[in-house]
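Notes to accompany the following structure.
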Amino acid sequence: MLRLHDTATGLVAPVPERDPGSVGLYVCGPTVYGPPHAGHGRFVLVYDVLRRYLEHTGKAVRHVSNVTDVDDKIVDRARAERRDWRDVAAESEEQWWRAMDALGALRPGVVPHATEHVAEMAELVAELVARGHAYETSDGVYLACDTVEGYGMLAHQSVDSLRAGARVAVSEEKRSPVDFALWKKAKPGGPTWPSAFGPGRPGWHTECVVMSLGLLGEGFDLHGGGLDLVFPHHENERAQAVALGRRFARLWVHNGLVTVGGEKMSKSLGNYVELEDLLASADPRAYRMLVLRSSYRSPLEVGEAALADASAALGRVDELARRIGTLRDERGAASGEVDGLARTRKSVGDRFGAAMDEDLATPRALADLLVAVRDANRLLDSGDVTAGRSLGRAALEHLAVLGVEPGAASDRPGTAVLELAGRREEARRSGDYAAADALRSEIAALGWQVDDSPSGPHLRR
RNA sequence: GGCGGCGUGGCCGAGUGGCUUAGGCAAGGGCCUGCAAAGCCCUGUACAGCGGUUCGAUUCCGCUCGCCGCCUCCA
């Protein structure tokens, strides 16, 4: 059974199942106002792995992840570029999915958009005011955090200490610096929707409450997002639900942030690496390996060195997949092999599960699988094809659970390369090694490498 | 100022009161190979500093130093 670290309690606890056999997961998605960066890639991969693993263990996962398609940043950019804010959002969202598809992340089952739920948000705000938990000012409607039981639970801070540390300019009309906007009254030029408080638009923290409760229902199982969303975003979501008297998320998961040179990567700091650039220079699976290699809650340093490192490790996986694939052609499944595979699969799976169940310990799970890869290679080297193949397959199957699809060698050598390789092999057989080496250089110039093996030459990128 | 976390061998990065070296990358040596590559084998003896608890601590407690995150938008 999977146990996860819960931000609210600070403890590792079993993943709750409000409805036995299924898990409701709400992940705070992107605000679509620009290209996604490496940090976005990480958080998507983390929850992708969580979801894949839950499904691997037989759970039905209701994976909901929103897209914030109305926000100050979208509006500001649209204004600066003199275009419709909807265009900016739509274009950025397309960019988002392109990048996430490239990463091999499964799309969430449901992707609600903030703009589709504004009416419900306006209703929610009105209800909060009616209940005495929110108040209206000249520029909007605010939640009175003092009135909410347990406010500060996720931040692990009291309202007083949050107030003491507040760096926000205190508006005259706000009762407390920690109070936050539920509804922003219309400003000239921006998008607006009607509400009981006049035209305006919802505050960011309101949308996720409406969409998570609306789509997953009260007391849903998991709520996730980046560590930087703990406060104030998630705190404020929870506050609204509590003020409404509705049971909110049972367990809070937060992933660590991506760092560059030891510092948090963020759009506002300007030190971000765009995902598209990252993926252009590396196998997207290498980034996944990098993400899997460290604990999902730790900071993750991203850079060329780290990526090259992960990429080399990935090469081992691909190489084994290639070996096994080649062997499959050489002989069919012998009798008894099926049993062997089943046994091996179970022992690899048990170790894998033990690591993953403990707060999604992908570094350990991955290390174990790489040991299995090495052992499989050793067995194959020693001529024990059956055992080697079983172990190798079991390892590859579990890597696939983590989303590392081995040997996705989509490109095949062209005829020019094949022809050169043929000529080289001829030269080699006839003992003309000088010619063979020259041909190898030509092949290398075309981006391919020739590996000689007992079963003949192999080409790879 | 408040809260949370971190400091592990050349680098990245897990983990643990003693038992046996996580894993990856890089490096050196070897097997294999015409040569390579790949694969495999061997080698490195780490846990910020100072105290304390303990038969024994890298692993628990305290302090010091350093770093990071949150307290404003942010995955």
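Because only heavy atoms are used, hydrogens play no part in the values below, and waters and symmetry mates are left out as well, while side chains stay in. All values derive from a computational prediction rather than experimental measurement. Each chain gets a letter, A, B and so on, in the order the sequences are listed, and its residues count up from 1.
- Going from the P atom of B:C3 to that of B:G56 covers 34 Å, rounded to whole Å.
- No hydrogens or angles were tested; on distance alone, a donor-acceptor pair under 3.5 Å links the side chain of A:Arg440 to the base of B:C35.
- For the C1' atoms, the distance linking B:C40 with B:C32 amounts to 9 Å, nearest Å.
- Checking the phosphate oxygens (OP1, OP2) of B:G23, a side-chain nitrogen or oxygen of A:Arg374 falls inside 4.0 Å.
- Distances from the side chain of A:Lys73 to the nucleotides B:C73, B:A75, B:C3 place B:C73 closest.
- Separation of the P atoms belonging to B:U58 and B:G18 is 11 Å when rounded to the nearest angstrom.
- In the interface, the side chain of A:Arg351 is not paired with the base of B:G23 through any donor and acceptor atom under 3.5 Å apart.
- Residue A:Val27 is out of contact with every strand shown, counting any heavy-atom pair closer than 4.0 Å.
- Going from the P atom of B:G69 to that of B:A26 covers 30 Å, rounded to whole Å.
- Closest approach of A:Ala114 to A:Val70, counting heavy atoms only: CB-CG1, 4.3 Å.
- In this structure, A:Leu307 and A:Ala282 approach most closely via the heavy-atom pair CD2-CB, 3.6 Å.
- The gap from the C1' atom of B:U53 to that of B:G1 amounts to 33 Å, rounded to the nearest Å.
- Nearest to the side chain of A:Asp381, among B:A75, B:C40, B:A14, sits B:C40.
- The listed nucleotides are B:G24, B:C71, B:C68; the one nearest the side chain of A:Glu263 is B:C68.
- Across B:G62 and B:A46, the matching P atoms stand 27 Å from one another, rounded to whole Å.
- Minimum atom distance to the side chain of A:Gln449 is reached by B:A37, of the listed B:C40, B:C68, B:A37.
- If you check B:A48 for Watson-Crick or wobble pairing at under 3.5 angstrom, you find it paired to B:U64.
- Considering only side-chain atoms of A:Asp451, the nucleotide from B:G23, B:A36, B:G34 that sits closest is B:A36.
- Phosphate contact (OP1/OP2 of B:C3, side-chain N/O of A:His156, threshold under 4.0 Å): absent.
- Put simply, A:Lys264 has a side-chain N or O that comes within less than 4.0 Å of OP1 or OP2 on B:C70.
- Judged by distance alone with a 3.5 Å cut-off, no donor-acceptor contact links the side chain of A:Glu319 to the base of B:G39.
- Using a 4.0 Å cut-off between charged side-chain N and carboxylate O, A:Glu397 and A:Arg345 make a salt bridge.
- Nucleotides B:G44 and B:G10, compared at atom P, are 13 Å apart to the nearest Å.
- Contacts of A:Val178 with the nucleic acid, taken as non-hydrogen atoms under 4.0 Å apart, are absent.
- Side chain of A:Asn377, nearest nucleotide from B:C3, B:G39, B:C35: B:G39.
- Separation of the P atoms belonging to B:A14 and B:G23 is 15 Å when rounded to the nearest angstrom.
- Across all their heavy atoms, A:Met211 and A:Asn66 have their closest contact at CE-CB, 3.6 Å.
- Dashed line: the shortest gap from a side-chain N or O of A:Ser298 to OP1 or OP2 of B:A14 is under 4.0 Å.
- Dashed line: the shortest gap from a side-chain N or O of A:Arg316 to OP1 or OP2 of B:C40 is under 4.0 Å.
- For the side chain to side chain contact (heavy atoms under 4.5 Å, CB included) with A:Met356, the lone residue among A:Val401, A:Val49, A:Leu50 that qualifies is A:Val49.
- Of the candidate nucleotides B:G34, B:G13, B:C70, B:C70 has the atom nearest to the side chain of A:Asp228.
- An OP1 or OP2 oxygen of B:C41 is reached within less than 4.0 angstrom by a side-chain nitrogen or oxygen of A:Arg378.
- Checked by atom type and distance alone, the side chain of A:His233 never pairs as donor or acceptor with a backbone atom of A:Gly225 at under 3.5 Å.
- Distance A:Leu300 CG to B:C6 C1': 15 Å, rounded to the nearest Å.
- By the criterion of a centre-to-centre distance under 5.5 Å and near-parallel planes under 30°, the ring of A:Phe43 forms no stack with the base of B:A75.
- The base of B:C35 sits with one of its N or O atoms less than 3.5 Å from a complementary donor or acceptor on the side chain of A:Asp452.
- Contact annotation: side chain of A:Asp437 to base of B:G34, donor-acceptor pair present below 3.5 Å.
- What separates NE2 of A:His458 from P of B:A37 is a distance of 17 Å, to the nearest Å.
- When the C1' atom of B:G13 is taken as reference, atom CG of A:Asp368 falls 15 Å away, rounded to whole Å.
- Each of A:Val242, A:Asn236, A:Asp146 was evaluated against A:Tyr151; a single residue qualifies, A:Asn236, per the side chain to side chain contact (heavy atoms under 4.5 Å, CB included) test.
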